[in-house]
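Have a look at the structure below before the remarks.
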Amino acid sequence: MSKDYFAFKEIEAKWQEKWNKERLYVADVGTKDGRFYNLWMFPYPSAEGLHAGHAYASTGSDIFGRFMRMQGNEVFQPIGYDSFGIHSENFALKIGEHPSKMLARTTKNYERQLRSLGHGYDWSRTVTTSEPEYYRWTQWLFVQMFKKGLAYRKRALVNWCPSCKTVLSDEQVIDGACERCQSVVEKKELMQWFFKITKYADRLLENLDKIRWPEKIKLSQINWIGKKSGALITFKVKDIDGMQIDAFTTRIDTVYGVTFIVVAPEVAKSWSGVSHEIKSYIDSALAKSQKERSEKTDKTGVDTGLFAINPANGEQVPIWVADYVMMDVGTGVVMGVPGHDERDLEFAKKFKLPIKEVVLEGKLVNSGKYDGMESDTAMSKMVEDGLGKDQHIYHLRDWLISRQRYWGPPIPMINCKTCEANGKGERSEMPGWYSVPEEQLPVLLPNISDYQPEGNGQGPLAKHAEFVETICPVCGSKAERETDVSDTFLDSAWYFLRYPTVGGKSADKVPFDPEITKNWLPVGLYFGGAEHAVLHLMYARFTTMVLFDLKKIAFEEPFPNFFAHGLMIKDGAKMSKSRGNVVNPDQYIDKFGADALRLYLMFIGPMDGSPDFRDSGMEGMVRFVNRLWKLKTISDDVPGLNQGLNKLVAKVTEDIKLYKYNTAIAAVMVFVNQVESIGGKLGPSQTEVLWKLLAPFAPHIAEEIWERLGHTDSIHKQLWPTAVPLTSTEKAVVVVQVDGKLRGKFEISGADQDEAERAALKLENVKQWINGKQYRVIFVPNKIINFVTS
Ligand code: ANZ
Ligand code: ZN
């Protein structure tokens, strides 16, 4: 029956079928204790199928889930598709196929691939964001935001992608380019829907201390929120009654050193009666990208001829327009202090403006009554004296939520002109606007064929009268539906809440069942890419906080533990479609098997690094799998192995907890070398321990060997091994501690706690330190026994 190589084709298929039939990975959501919600960021189908990067990331997540299951937890590991929105739609447009048709095909393929990797997903509870039964609740979420005053419309200068023909949120513009298609983003003034994420800026910042995330991800959020503390100083404009400008500064102590004021071109644009020269400077400045403007190049600017009056000393300083002043920082106005600010200094030198020093060795000079004060003292004193007022500024802007596209949840809002004319509306500040009554949700996305974006500032739905025309839910007059759809990041901002409720009794009554949610959330471990740091991860945190405030859930942070995996490369280069080096996992699974691929992906480097996929390495792993397969199980345990096996148990356990899967596998390899060097045989309990350790990594082969050892239940439901008892020829040195301090050592064979405790208590020194006190014992077999006294 046994071949001398692992017949992965039959064996992997056999177990995948069996796991599915026996519902091995279907979680008992009703269970009360030992729950673990293991989540991987669901993929967005923007291609025919998964690439090896998905296989890499999802395997990393699956291993942790399997490990937690073997720790005795009821593990819930769901999967779904982020299938609504621009990612999928752009792909559909590219291949000229209707998104719904494209997705019907590709999601099936994604599922086939994910199953073929052997992941332990609960396939009975999936989420597909483009299905009405899901987006009904995305729309519900929009309505809650509106009712809470967190969704509003305003005309604003927004990011516009000329290629995707839609607006983008600030987070979706990366170095001035569209996150999806890399086109240079333009600015357009449009009426748009926003979510007031800025209201949550401080909480988003403060809560970072409470969650276990990689520091670099926290730092990106901190920088993105960009909180700065300083002061706002008001400058009156000379000879123009009532005109004043506010400058934000973090250094009010330098106010006596102001020798000019600079305003951003966007600020000057709104002024009337400016000269032709200024107008043309503004136009050329606005044509530049943000990036060009913020780069360290030669400063440009133009004098307005106006003067501002410094409130500190009454001096008159010229007002300039310059494009190094950014509209999205503070008020878009800078008080120029060339004596102490580098950018201001460059500007002053270029245009021969005076330079004044007002702080020397940390103390103020040339600053009137503040002379001699330390900078910090002067700052508070000046604010106290009313020279400026305390102000915090943020880089974070409100979340632009509307998209002029087809493939998304229609924004569930109705505009009634009759009510608008009468000043009536669901919220007083937005006359004429009503949310669609909740019982009428979902607002279905009609199946239309002219779904291509036109770029005229309106979404494709606007062309469909049968969609647009409706009646006002309040006065019954003719009214119109909103024709923009919501941002795809709204779909993914709450999907983790939906999963455990799917398939249950309340699934079509509520977005997430309160009882089930209380039991399973927040997520135990979230596994995903670092590139989502300020996009999905910020939006999901915001949404969760809002739902918390609405008392729909009892926690503020959706992902208390987040692990950011790295990006895989191929033969030393970034994997990309244009390079043509995107690895499809199918061909490797077909040729080498899923277990070999899983082991290889996990072995090539640390999970948070940039592992390099090489075919040669893949072949090496296949040889290792076959060596594992050929190890023989004999009737008695093999002497001399248990010490090494115990070390391996400790090592693999620790490594998995730290996601250091590569070093765990390396340790297994070393152990296997040892076994082979003494004949390649293991006893029954030794084989069992080895395969339990390997089960998360190579679930199929582990299950097969487990069955061949005579077991009828799954290896994946077994408890994780602890140390095996040492045989009489093997002794371990056990260290004795009292209250964590080293107090002695002894040699012992066997991993029995009572025996170890007795041996430890025979030591005089240990007895002395315990000194008759009560204690409890922490015992790590073959390593440590610690007496904790009380
Ligand atoms: C006077 C001053 C004196 C400033 C000084 C700094 C140093 P940082 O420094 O990065 O924390 N600023 C304000 N609004 C701006 C805008 N719209 N575009 C570009 N720069 C702007 O950022 C705060 C400082 O950035 C502010 O404090 C202001 O310059 C400048 F010795 O005011 B400061
Ligand atoms: Zn009305």
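For reference, positions follow the sequence shown, starting with 1. Both ligands and their constituent atoms are indexed starting at 1 by order of listing.
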Parallel under 30°, tilted from 30 to 60°, perpendicular over 60°: which one fits the rings of Phe562 and Tyr526? tilted

Parallel, tilted or perpendicular for Trp399 and Phe542, by the 30°/60° rule? perpendicular

Ligand 1 and Val325, any nitrogen or oxygen pair closer than 3.5 angstrom?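 There is no such contact.
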
Would Lys196 pass as a cation-pi partner of Tyr152, given that its NZ or CZ must be under 6.0 Å from the six-membered ring centre and within 45 degrees of the axis? yes

Does Lys227 count as lying over the ring of Tyr394, i.e. NZ or CZ under 6.0 Å from the six-ring centre, within 45 degrees of the axis? no

Test: [X] and [Y] ion pair at under 4.0 Å:
{"X": "Asp385", "Y": "Lys369", "answer": "yes"}
{"X": "Glu557", "Y": "Lys210", "answer": "no"}
{"X": "Glu266", "Y": "Lys187", "answer": "no"}
{"X": "Arg397", "Y": "Asp328", "answer": "no"}

Can you list the atoms of ligand 1 that are under 4.0 Å from a heavy atom of [X]?
{"X": "Asp341", "value": "4 (C), 5 (C), 6 (C), 7 (C), 31 (F)"}
{"X": "Tyr324", "value": "19 (C)"}
{"X": "Met335", "value": "1 (C)"}
{"X": "Arg343", "value": "20 (N), 25 (O), 30 (C)"}
{"X": "Met326", "value": "16 (C), 17 (N), 18 (N), 19 (C)"}
{"X": "Thr254", "value": "3 (C)"}

What is the closest protein heavy atom to [atom], and at what distance does it sit?
{"atom": "atom 24 (C) of ligand 1", "result": "Thr250 OG1, 3.9 Å"}
{"atom": "atom 13 (C) of ligand 1", "result": "Phe248 O, 3.3 Å"}
{"atom": "atom 15 (C) of ligand 1", "result": "Val334 CG2, 3.3 Å"}
{"atom": "atom 5 (C) of ligand 1", "result": "Arg251 CG, 3.6 Å"}
{"atom": "atom 10 (O) of ligand 1", "result": "Lys228 NZ, 3.1 Å"}

Please evaluate residues Lys147 and Leu150 with respect to the criterion side-chain contact (heavy atoms from CB on, under 4.5 Å), reporting the C-alpha separation (whole Å), side-chain torsions for both, the decisive distance (0.1 Å), and the verdict. CA-CA 7 Å; Lys147 295 201 152 131; Leu150 292 169; over 6 Å; no

Judged by heavy atoms only, the candidate from Glu266, His340, Glu342 nearest atom 31 (F) of ligand 1 is His340

Classify the contact between Thr249 and ligand 1 as side chain, backbone, both or neither, using a heavy-atom distance cut-off of under 4.0 Å.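 For Thr249, the contact with ligand 1 is made by both the backbone and the side chain.
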
Under 4.0 Å, heavy atoms only, figure out whether ligand 1 is touched by the backbone of Met327, its side chain, both or neither. neither

Under 4.0 angstrom from ligand 1, any heavy atom of Gly332? yes

Please say whether more than 12 non-hydrogen atoms of neighbouring residues, nucleotides or ligands are located less than 6.0 Å from NZ in Lys236.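 Result for NZ/Lys236: open.
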
